[in-house]
Amino acid sequence: MHEIRVHNTLSGKVEPFVPLEPGEIRMYTCGPTVYDYAHIGNFRTFVFQDILRRFLKLRGFKLTHVMNLTDVDDRIIANAAKAGISIRDYTEKYIQAFFADCRALSVESPEHWIRATDHIDDMVALIQRLQKNTYTYPSEGSLYYRIAKFKDYGKLSKIDLTGIQAGARVDNDRYDKESARDFALWKAPKPGEHFWKTPIGAGRPGWHIECSAMAMKYLGETLDIHTGGIDLAFPHHENEIAQSEAATGKPFVRYWLHAEHLLVEGEKMSKSLGNFFTLRDLFAKGYKPSALRFALASVPYRRQLNFTFDGLQQATSSVERLRNFAARLKQEKFPAGSQPAIAERIAKAADDFDAGLSDDLNTAQALAAVYDLVREANIAMDKGEFRQGELAAVQELLANFDRVFAVLEDNDGEKLQALGYTDASSGLGDAAIEKLVAARQAARQRRDFAASDRIRKELAERGILLEDAKDGSVRWKRK
RNA sequence: GGCGCGGUACCCAAGUGGUAAGGGAGAGGUCUGCAAAACCUUUAUGCGUGGGUUCGAUUCCCACCCGCGCCUCCA
């Protein structure tokens, strides 16, 4: 096992990862704002975060991972009001959709899913601590954070406060703030708007306070890892640091990990460009959940990922190759005994796989290790040199691979059905397929190839592909 | 302007001061009744451009060009 190293935005460097408590990791992820369906850009970050958590667990850490659902913000308030329903009812729909999307992409549930609106009291308590430490000031019914008092402000995003001047787009006319960069901890309600009555006044929380309050509530005042998209580094995470550390006097987060953005055909994804995709958009076009997950996971997280349909197709083929190999291991019979040379190669591949992921989650490198082994094992099997003695080790490597990448299981059909999309091969159950396969086998045995090819073609048209093995058996799979 | 990411074959992409992983796609081949799968061969004297350091640079230094992001509650 290799030393785990991660890129820490705080230092700007890749550094050894050592948790505060040996063997235990406390991690927080900024989740979605549930005002609409999440898009593939969001999921680039969530898949990264999922790969990270799965890898840490694979390495034996006890992980406590918290992910929030931001269920109150300007857009939510506006949309709920427009729909004439409560914030709770409005966001519930998108929360459920988000959970469904996560399941489709095999994004594991963190140990805690938490909603902002369930933690108003915690936010108020944190704001009161800040008040006591004189980091706040009121203005027109709202409460602001006084950045000038927090000397470390800018340490995450390396922003230079003294450099703010003409040209910088700073919103300084909307509120009466002491300084342009000061941000709202608590916002006074606008007329007719939903608000909470609290000891610090009526209103609703500012954006940043929820993450500080909830992260510390569930994970303590110093967490090991905090993840999010690169765009959140400033101002969101910078402000989280300011709030948390001003209240506790302790370091808030030890390792900040930020995922680069996803682009679509080289451009920023946006609704106006017409290159904006939700998972549902892609699944409706017939792409598989596993292909999307693979496409999102295979490019290392600190690299901008250029999403294209060609790339998604490539991912489909790449997953297929791995699944074919897994199926071969399962079905083929190997002679007893063992082959030291092959055993050695397996150990090397396992080591390379771990090395790749340990090196700041270099998924491309980890994947290469797996593909190297796939090729070499296939060669050995083709030559009849693969032995039963190596089977367990290969399967273990593949299982470990899948504990992180989670693409091997051939369950795309079920996932799509769960989301309301019908499987391409729907209508043909396993039994019906087996029956046709048997009929084709019979035709082949009497060398009636016209009949056997007719059945194969018929199955192919319904999304079922056949592979005739050397030993006479047939493997079928859904396309 | 400030901060940051990146420019490697047809596409995606790893990587190192010592002579370019891996995946996909294309072409040819082996196997197969034919396919599929698998395997083999093939596709970068070349790693944005120009200099420099070095015995040697894609990898280090300098300059430049290009793409993208953040600097406004966008993952």
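Lettering of chains follows the sequences in order, A, B, ..., and the numbering in each one begins at 1.
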When rounded to the nearest Å, what value does the distance between P atoms of B:A44 and B:C11 take? 13 Å

Atom NE2 of A:H208 and atom P of B:U72: how far apart are they, to the nearest Å? 11 Å

For A:S290 and A:R323, which I'm curious about, is there any donor-acceptor pair between the side chains at under 3.5 Å? yes

Name the nucleic acid region contacted by A:P32, choosing base, sugar-phosphate or nothing; use a 4.0 angstrom heavy-atom cut-off, strictly under. nothing

Which is true for A:G311 with a 4.0 Å heavy-atom rule: it touches a base, it touches only sugar-phosphate, or it touches nothing? nothing

Of the listed nucleotides (B:A14, B:U72, B:A21), which one gets closest to any side-chain atom of A:D372? B:A21

Using a 4.0 Å heavy-atom cut-off, does A:K268 contact any base of the nucleic acid, only the sugar-phosphate backbone, or nothing at all? base

Going by the angle between their ring planes, with limits at 30° and 60°, are A:F98 and A:F46 parallel, tilted or perpendicular? perpendicular

Looking at A:E344, I want to see if its CD is surrounded by more than 12 non-hydrogen atoms of other residues, nucleotides or ligands under 6.0 Å. no

For the side chain of A:A368, counting heavy atoms from C-beta on, which of B:A75, B:G69, B:A21 is nearest? B:A21

Can you sort out the partners of A:T70 under side-chain contact (heavy atoms from CB on, under 4.5 Å), two or more places apart, ordered by chain and number? A:T33, A:N68, A:E210

Report the distance from atom CG of A:D101 to atom P of B:A75, rounded to the nearest whole Å. 14 Å

What is the separation between atom NZ on A:K158 and atom C1' on B:G69, rounded to the nearest whole Å? 16 Å

Closer than 4.0 angstrom, basic N to acidic O: yes or no for A:R54 and A:D50? yes

Side chain of A:Y371, heavy atoms from C-beta onward: which of B:C74, B:C68, B:G23 has the nearest atom to it? B:G23

Identify whether any heavy atom of A:H39 sits under 4.0 Å from a base atom; if not, whether one sits that close to sugar-phosphate; answer base, sugar-phosphate or nothing. base

Between A:Y90 and A:D71, do the side chains contain an N or O donor and an N or O acceptor separated by less than 3.5 Å? no

Contact state string [nucleotides 28-40 of chain B, B base, S sugar-phosphate only, - no protein heavy atom under 4.0 Å]: ---S-BBBBSSSS

Less than 3.5 Å between a donor and an acceptor, one on the side chain of A:Q314 and one on the base of B:G23, is that the case here? yes

Which residue, A:N306 or A:G12, contacts RNA chain B at a nucleotide closer to its 5' end, judged by nearest heavy atom? A:G12

Rounded interatomic separation in angstrom, taking CZ from A:R302 and P from B:G7: 12 Å

Reading RNA chain B 5' to 3', what string of ( ), [ ], | and . shows its pairs, if Watson-Crick and G-U wobble pairs count only when both distances fall under 3.5 Å? (((((((..(((.....[...)))((((((.......))))))....(((((..]....))))))))))))....

Under 4.0 Å: is that the gap between some side-chain N or O of A:R181 and OP1 or OP2 of B:U72? yes

With rounding to the nearest 0.5 angstrom, report the CZ to CD1 distance, A:R181 to A:I147. 7.5 Å

At 4.0 Å (heavy atoms only), tell me whether A:G266 reaches a base, stays on the sugar-phosphate, or touches nothing. sugar-phosphate

Assuming nearest nucleotide by heavy-atom distance, tell me which of A:V299 and A:A315 is located more 5' along RNA chain B. A:V299

Verify the distance criterion only: is there a donor paired with an acceptor across the side chains of A:D182 and A:Y137 at less than 3.5 Å? yes

State, without any angle test, whether A:H258 and A:T227 hold a side-chain donor-acceptor pair at a distance under 3.5 Å. no

How far, in whole Å, is B:A9 from B:U45 if one measures between their P atoms? 10 Å

To the nearest angstrom, the CD-P distance between A:Q365 and B:G22 comes to 12 Å

Taking atom P in both B:U19 and B:A57, what distance in whole Å separates the two? 13 Å

A:D468 and A:R444: CA distance, side-chain angles, deciding distance, salt bridge (charged side-chain N to carboxylate O under 4.0 Å, His left out) verdict: CA-CA 11 Å; A:D468 299 329; A:R444 287 181 73 205; 3.3 Å; yes

Which whole-number value in Å describes the distance from A:L262 CG to B:G6 C1'? 15 Å

